[in-house]
Amino acid sequence: MACVSLAKLNAPSSTWIGGQQSFSQRSGSSTRLATRRVSLPIRAGAYTDELIKTAKTIASPGRGILAIDESNATCGKRLSSIGLDNTEPNRQAYRQLLLTTPGLGEYISGAILFEETLYQSTTDGKKFVDVLHDQKIVPGIKVDKGLVPLPGSNNESWCQGLDGLSSRSAEYYKQGARFAKWRTVVSIPCGPSALAVKEAAWGLARYAAISQDNGLVPIVEPEILLDGDHPIERTLEVAEKVWAEVFYYLAENNVIFEGILLKPSMVTPGAEHKEKASPETIAKYTLTMLKRRVPPAVPGIMFLSGGQSEVEATLNLHAMNQSPNPWHVSFSYARALQNTVLKTWQGRPENVEAAQKALLVRAKANSLAQLGKYSAEGESEEAKKGMFC
């Protein structure tokens with residue numbers, strides 16, 4: 001992607017080169033011109049045009065991202081909730097149900113896959129990547145290796161996975177992936193410490209640069225966890241700090257802003273806070289934070305749901321699209337798209353069609369929310385249940 005060219009420049013006195021001034025130095029009656037080494041960052045890369053096109057495709061009106069990148073362990077928890085064993089055939093069957101839903105591409109522009117799913121096929125032998133292409137859905141891939149304790153912090157975490165990321169990303173691109181996801185987290189009850197914020201921001205920036213260098217649009221996701229009893233003002237304060245640090249390091253790593261997508265948390269009170277915020281309040285605080293921190297060059301903001309109920313996540317997205325924004329404001333939901341689907345399916349072949357219809361209901365609802373045209377009238381009680389745990 002970006003590279004740095006070092007030029008030896010012999011400049012006359014008081015000449016500005018690359019934003020730095022070179023002055024002549026005098027020794028007695030003779031004049032010696034100073035030789036300066038100036039770093040000239042070059043941001044254009046082999047994939048620049050493709051990255052920008054991919055990001056714009058995903059951030060298209062009325063569409064968002066379906067996140068089905070749960071690790072095998074997490075997917076196993078979802079399956080166990082409906083009495084299924086955590087086996088590859090069961091994981092494949094569930095993801096086939098989701099990805100083969102007729103008409104899904106009308107509302108979904110991208111699908112984040114786990115590595116196992118990227119290389120899987122339907123029971124009829126068609127690659128999942130090709131299934132997505134047929135619906136004009138861009139395949140994506142989860143590339144991080146999970147959270148581990150951060151030494152020297154206040155019981156906080158950091159995200160691993162930079163080792164070998166370049167070679168893995170190149171292979172994912174060959175398999176058909178065109179965007180990537182890396183999730184790290186920030187905990188408000190744990191501080192957050194300056195160390196944890198810096199580690200999160202730096203890791204995201206390195207991942208983003210490596211992804212772009214291999215043709216993958218990076219989704220930048222520093223999730224600010226819902227845990228805690230703090231007010232919404234505290235969440236705003238932390239979010240502004242985190243995103244300021246993230247964009248500082250993205251720029252330091254010469255990441256092309258037009259070729260990234262963001263996956264932020266919505267700015268809400270802590271899950272244990274005594275007062276619940278309305279969608280309008282959440283929209284106000286969230287958009288305030290974004291307008292203060294996110295350059296308009298970024299094409300898309302794809303929110304995570306973070307344990308909100310299906311209806312809450314949709315209502316909050318709808319509230320954020322009641323007036324024009326500098327970026328495409330949409331969704332990248334996992335449980336907020338899948339919860340009702342999974343409970344409808346129950347692992348039974350005869351329920352597949354009904355489960356796919358349930359997925360379309362949620363996808364369409366969030367599509368309307370992205371357009372600012374959603375109404376919660378007629379939503380089921382199941383869709384209103386929160387999923388924070």
Side-chain angles (χ1 to χ4, degrees), residues 55 59 61 64-65 183-189 191-192 194 196-198 200-201 204-205 219-251 257-258 260-309 311-333 336 366 368-374 388:
I65 294 173
R183 172 185 176 261
T184 192
V185 301
V186 173
S187 170
I188 293 178
V197 172
K198 183 174 182 178
L204 284 165
I219 289 183
V220 178
E221 181 184 359
E223 180 177 356
I224 298 171
L225 299 172
L226 282 175
D227 308 68
D229 59 1
H230 50 276
I232 195 169
E233 291 82 5
R234 175 60 178 156
T235 308
L236 175 63
E237 178 186 10
V238 172
E240 288 183 347
K241 170 63 178 174
V242 169
W243 281 106
E245 200 95 344
V246 167
F247 272 100
Y248 173 80
Y249 286 114
L250 287 173
F257 289 174
E258 294 87 348
I260 67 174
L261 296 167
L262 306 187
K263 186 170 179 175
S265 312
M266 296 178 190
V267 178
T268 68
E272 290 88 30
H273 187 63
K274 57 186 177 182
E275 295 181 12
K276 190 169 183 175
S278 68
E280 292 74 23
T281 299
I282 291 170
K284 174 186 174 183
Y285 277 83
T286 303
L287 292 175
T288 294
M289 183 275 291
L290 293 174
K291 289 173 182 176
R292 288 174 176 173
R293 292 294 181 264
V294 181
V298 175
I301 313 289
M302 322 299 285
F303 283 102
L304 59 90
S305 55
Q308 300 175 70
S309 74
V311 171
E312 279 178 327
T314 308
L315 281 170
N316 292 337
L317 179 62
H318 169 76
M320 280 184 267
N321 282 295
Q322 292 309 295
S323 58
N325 292 303
W327 341 263
H328 175 80
V329 175
S330 192
F331 60 93
S332 178
Y333 293 163
N366 286 290
L368 291 170
Q370 196 287 311
L371 298 170
K373 299 177 179 179
Y374 168 73
F388 174 77

Using only atom types and a distance under 3.5 Å, with no angle test, would you say the side chain of [X] pairs donor to acceptor with the backbone of [Y]?
X      : Y      : answer
Asn366 : Gly64  : no
Tyr333 : Ala313 : yes
Gln370 : Val329 : yes

Original post:
Which heavy atom of Pro279 sits nearest a heavy atom of Asn316, and at what distance?
Top reply: CA-OD1, 3.2 Å
Original post:
Can you find a pair of side-chain heavy atoms, one from Leu204 and one from Tyr249, that are under 4.5 Å apart?
Top reply: no
Subject >> Met302 side chain reached by Ile219 side chain, heavy atoms, under 4.5 Å >> reply: no
Original post:
Which residues satisfy the side chain to side chain donor-acceptor pair (under 3.5 Å) test with Tyr285, sequence neighbours excluded?
Top reply: Glu233
**OP:** Mind checking side chain to side chain donor-acceptor pair (under 3.5 Å) for Thr281 and listing every partner two or more places apart, or none if nothing turns up?
**Re:** Ser278
Under 3.5 Å, sequence neighbours excluded: what are the donor-acceptor pairs made by side chains of residues 260-270?
unit_1, atom_1, unit_2, atom_2, d
Lys263, NZ, Ser332, O, 3.2
Lys263, NZ, Ser332, OG, 3.1
Ser265, OG, Ile224, N, 2.9
Ser265, OG, Ile224, O, 3.3

**OP:** Kindly write out the residues that satisfy salt bridge (charged side-chain N to carboxylate O under 4.0 Å, His left out) with Glu237, not counting sequence neighbours, or none if the list is empty.
**Re:** Arg234
Would you be so kind as to tabulate the donor-acceptor pairs closer than 3.5 Å made by side chains of residues 288-300, with sequence neighbours excluded?
unit_1, atom_1, unit_2, atom_2, d
Thr288, OG1, Lys284, O, 2.7
Arg292, NH1, Glu240, OE2, 2.5
Arg293, NE, Glu240, O, 2.8

Subject >> With Lys276 via side chain to side chain contact (heavy atoms under 4.5 Å, CB included) - residues at least two apart >> reply: Glu312
**OP:** Decide ring-ring contact (aromatic ring centres under 6.0 Å, His included) for Phe247 and Phe257; before the verdict, give the C-alpha distance in whole Å, the side-chain angles of both, and the deciding distance to 0.1 Å.
**Re:** CA-CA 9 Å; Phe247 272 100; Phe257 289 174; 5.3 Å; yes
